[in-house]
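First the structure, in the form of structure tokens, and then the observations on it.
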Amino acid sequence: MSENTKSATKARLYDAFAASGKALASGKRLELLDLLAQGERTVDALAKTAGLNLTTASAHLQTLKQAGFVATRREGVRIHYRLAGDDVARLLALLRKVADHHQAAVPAARDAYLGEDTTAELDREELQARIAAGDVVVLDVRPVEEYRAGHIPGALSIPVDELDERIGELPEDLEIVVYCRGEYCVLAHDAVRLLTGRGRRAIRLNDGMLEWRLSELPIDAADPA
């Protein structure tokens, strides 16, 4: 193979790599991947949750599909999207962490979105130990369809927008450990602030369901209690 041919084939290879990067070069597409990391969704459901119209959501999903990041299945007239594999979820998690460490704009944007970080937190290992000890109640504050797709075993489901009215369903004698989609999900932060403001002992898992799945920890998929 001549040097010119080697150079051309190398360029094609790196252009192919770059196509994946281009597919990720949209905040909304990353948000859609984040939602799909919680479980399979229809286009309608993704559009509603991500605050997009159907046309725009479909266009973003087609870009992700062409890059191989998502797969589909048809059920009647509905098309359901899912991540193409756990490696896509790992890529999303790694991309966010690398950006947080090296992109100067990320920490300020993160703090503006999540709010002042005054809530106590614990990690997955500590949570497992406390579940085994039976001295906490675990609360999933994601939407119910995400809970049903997969949740920490034994977790209760109360979506954050229902928590104020349903707080009486939580035991008063145990500390509440709250989790949501992942490390950059605001739902758990909001829930802990609400619970502590109502006089409950509450603490936040320092990441969420995305990282729990990627750690290959036990997961239940069932209707909420």
Side-chain angles (χ1 to χ4, degrees), residues 31 34-41 45 48-51 86 89-90 92-93 96-97 100 107 109-225:
E31 185 178 349
D34 189 30
L35 293 172
L36 289 171
Q38 307 301 309
E40 188 179 70
R41 297 281 190 96
K48 181 179 179 181
T49 306
D86 287 343
R90 291 189 185 93
L92 174 65
R96 297 195 306 197
K97 291 299 290 184
D100 201 344
R110 177 200 62 211
D111 294 345
Y113 174 57
L114 298 179
E116 188 178 357
D117 191 11
T118 57
T119 58
E121 63 180 30
L122 79 173
D123 62 27
R124 277 168 267 139
E125 185 175 345
E126 292 170 313
L127 176 56
Q128 288 179 285
R130 296 199 62 183
I131 290 172
D135 67 350
V136 296
V137 58
V138 182
L139 178 62
D140 186 319
V141 294
R142 298 173 299 157
V144 171
E145 61 269 21
E146 296 180 19
Y147 175 91
R148 288 173 175 160
H151 56 269
I152 295 174
L156 302 178
S157 172
I158 303 180
V160 68
D161 58 359
E162 300 175 14
L163 184 56
D164 191 36
E165 294 182 356
R166 297 176 58 188
I167 193 171
E169 298 176 25
L170 297 169
E172 297 185 10
D173 58 336
L174 293 175
E175 187 167 47
I176 303 163
V177 179
V178 183
Y179 75 92
C180 55
R181 291 168 179 148
E183 183 176 358
Y184 299 93
C185 176
V186 73
L187 305 180
H189 291 261
D190 289 345
V192 169
R193 285 188 280 262
L194 187 155
L195 288 165
T196 55
R198 295 281 296 273
R200 296 301 189 94
R201 292 185 296 135
I203 190 171
R204 178 176 52 79
L205 181 63
N206 66 353
D207 44 41
M209 201 63 217
L210 171 62
E211 294 82 5
W212 187 274
R213 282 183 185 276
L214 293 178
S215 296
E216 299 183 349
L217 293 170
I219 293 172
D220 280 349
D223 286 341

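From a predicted model like this one, the values you see are computed outputs, not experimental measurements.
- Legend: side-chain hydrogen bond (donor to acceptor under 3.5 Å, both in side chains) pairs involving residues 194-210, not counting sequence neighbours, sorted by first then second residue: D117-R204, T119-R204, E121-R204, R124-D207, D164-R198.
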Working for side chain to side chain contact (heavy atoms under 4.5 Å, CB included), residues L156 and E169: CA-CA 10 Å; L156 302 178; E169 298 176 25; over 6 Å; no

Residue pair I203, V136: steps toward the side chain to side chain contact (heavy atoms under 4.5 Å, CB included) verdict: CA-CA 10 Å; I203 190 171; V136 296; over 6 Å; no

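- Of all heavy-atom pairs spanning G182 and E211, the tightest one is CA-OE1, 3.3 Å.
- We find the CG-CD distance between L35 and E40 to be 13.5 Å, quoted to the nearest 0.5 Å.
- Between G39 and A149 the shortest heavy-atom distance is CA-CB, 4.1 Å.
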Stepwise side chain to side chain contact (heavy atoms under 4.5 Å, CB included) test for H151 and W212: CA-CA 9 Å; H151 56 269; W212 187 274; over 6 Å; no

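- L210 and A37 make their closest contact through CD1-CB, 3.9 Å (heavy atoms, listed as atom of the first residue, atom of the second, distance).
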Pair L139-Y179, side chain to side chain contact (heavy atoms under 4.5 Å, CB included): steps then yes or no: CA-CA 6 Å; L139 178 62; Y179 75 92; over 6 Å; no

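- Here the shortest heavy-atom pairing between L163 and I158 reads CA-CG2, 3.8 Å.
- Among residues two or more places apart in sequence or in another chain, the side chain to side chain donor-acceptor pair (under 3.5 Å) test is passed with E175 by R130.
- Heavy atoms only, all atoms of each residue included: L170 and I176 are closest at CD1-CD1, 3.7 Å.
- Looking at K97 and D100, no side-chain N of the basic residue comes within less than 4.0 Å of a carboxylate O on the acidic one, giving no salt bridge.
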